[in-house]
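Worksheet: one structure, shown below.
Numbering of ligands and ligand atoms starts at 1, following listing order.
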Amino acid sequence: MNVGYLYSLLAVIVLGLIAYAGVEAAGLQWLFGILIPYLGLTIFIAGFVYRVMDWAKSAVPFRIPTTCGQQKSLPWFTPNRIDNPATTLGVIVRMFFEILLFRSLFRNTRVEIRGERLSYKWVIWLWLFALMFHYSFLIVVIRHLRFFLEPVPWVITLLEKADGVLQVGLPILYISGVTLLLGATLLLLRRVLIPRINYISLAADYFPLLLIIGIAITGIMMRYFTKVDVLKVKELTMGLATFHPAIPEGGISGLFYVHLFFVSILLAYIPFSKLMHMGGVFLSPTRNLANNNRRIRHINPWNHPVKVHTYEEYEDEFREKMIEAGLPVEKE
Ligand code: HEM
């Protein structure tokens with residue numbers, strides 16, 4: 001049995017308890033409210049830049065685009081301009097659909113053996129959950145900018161209005177908060193319950209999902225159930241954003257610090273984890289290169305001139321000695 005998710009679950013619970021006890025019992029507000037968030041952000045930025053630079057520097061000596069359609073070829077073959085782009089414009093269109101709509105995931109299939117036959121079934125669920133999860137995450141993060149900006153830009157207020165359009169409850173329910181939790185939970189259940197996916201899943205697959213679920217649950221609890229003092233939160237976050245950090249008088253609830261600690265851990269963890277796909281997707285040679293191998297001769301740009309010693313030169317140099325030794329020569 002794959003118990004990777006139990007270790008990850010335990011890790012997230014322990015992290016939550018550390019932050020809660022650290023604030024409520026040990027009074028370490030400055031540690032969990034100021035130092036660790038700054039540290040998390042610093043590791044995130046430095047690590048992200050390092051990983052992207054590392055990828056950008058690595059050699060791509062030839063074109064290796066993934067090709068999922070007819071390549072541009074003789075005039076009477078219709079090329080697939082997006083799945084097998086031959087031009088930079090085609091690559092841009094392909095990347096656009098890939099990044100904004102997860103196009104390749106949309107083509108997800110499952111292989112099954114039915115009786116004697118091998119069949120491929122179109123499976124849309126992963127694409128749906130992934131799209132829901134990522135867009136919800138993006139909207140929640142953009143909405144959170146209201147804590148770090150004063151005055152709050154109208155775009156964020158508009159987004160909040162749109163997100164609360166259902167007008168359910170007080171404070172009004174944000175759709176993206178719920179779909180974030182739902183999306184992350186479905187992605188987690190997929191890894192736990194489907195035996196084949198479970199078999200190939202590692203703790204590193206479960207941990208980020210559980211951490212994000214932890215962030216969403218603590219956030220939802222703060223907003224709808226325990227009702228955190230948002231003004232005090234804003235005081236703290238504005239202090240952090242303007243580099244004049246201070247813990248607000250009277251304090252904020254321990255749950256808030258758990259939320260913030262989870263976010264800081266997530267930020268620090270990103271550069272070391274598979275979550276770097278958010279930067280890596282732009283640098284993936286299988287995605288960002290046009291497939292024009294047959295049309296254009298690509299010469300490795302950093303090939304430096306190599307000093308070679310041809311056989312002809314070799315023979316010129318040693319011809320007499322070779323003849324003396326009875327070795328065959330090409331030129332007498
Ligand atoms: C990865 C980043 C983050 C995610 C995914 C996240 C997620 C959430 C979610 C889902 C909620 C529930 C309500 C809603 O839908 O907005 C929430 C609420 C909340 N979050 Fe976050 N959060 C993040 C970062 C932060 C940060 C950095 C802070 C502050 C330093 C913060 C402070 C709060 C507060 C105070 C609430 C309650 C809001 C209210 O009562 O209106 N969150 N968060």
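Leu289 and Met95 are not part of a single hydrophobic cluster, where members link through side-chain heavy atoms under 4.5 Å apart.
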Note down each nitrogen or oxygen pair, ligand 1 side and protein side, whose separation is under 3.5 Å; give only atom names and the distance to 0.1 Å.
unit_1	atom_1	unit_2	atom_2	d
ligand 1	15 (O)	Arg143	NH2	2.8
ligand 1	16 (O)	Arg143	NH1	2.6
ligand 1	16 (O)	Arg143	NH2	3.2
ligand 1	20 (N)	His144	NE2	2.7
ligand 1	20 (N)	His259	NE2	2.8
ligand 1	22 (N)	His144	NE2	2.9
ligand 1	22 (N)	His259	NE2	2.9
ligand 1	41 (O)	Arg146	NH2	2.9
ligand 1	41 (O)	Arg223	NH1	2.7
ligand 1	42 (N)	His144	NE2	2.8
ligand 1	42 (N)	His259	NE2	2.8
ligand 1	43 (N)	His144	NE2	2.8
ligand 1	43 (N)	His259	NE2	3.0

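In terms of the ring-ring contact (aromatic ring centres under 6.0 Å, His included) criterion, residue partners of Phe147 (sequence neighbours excluded) are, by chain and number, His144.
Tested against Arg94 for a side chain to side chain donor-acceptor pair (under 3.5 Å), the candidates Asp83, Thr66, Asn288 yield a single pass: Thr66.
Taking 4.5 Å as the limit, some side-chain heavy atom of Leu126 sits within range of a side-chain heavy atom of Leu187.
Annotation for Arg146: atom CZ counts as buried by contact number, over 12 foreign heavy atoms lying within 6.0 Å.
Gln70 and Thr78 form no side-chain donor-acceptor contact under 3.5 Å, judged by distance and modelled atom types alone.
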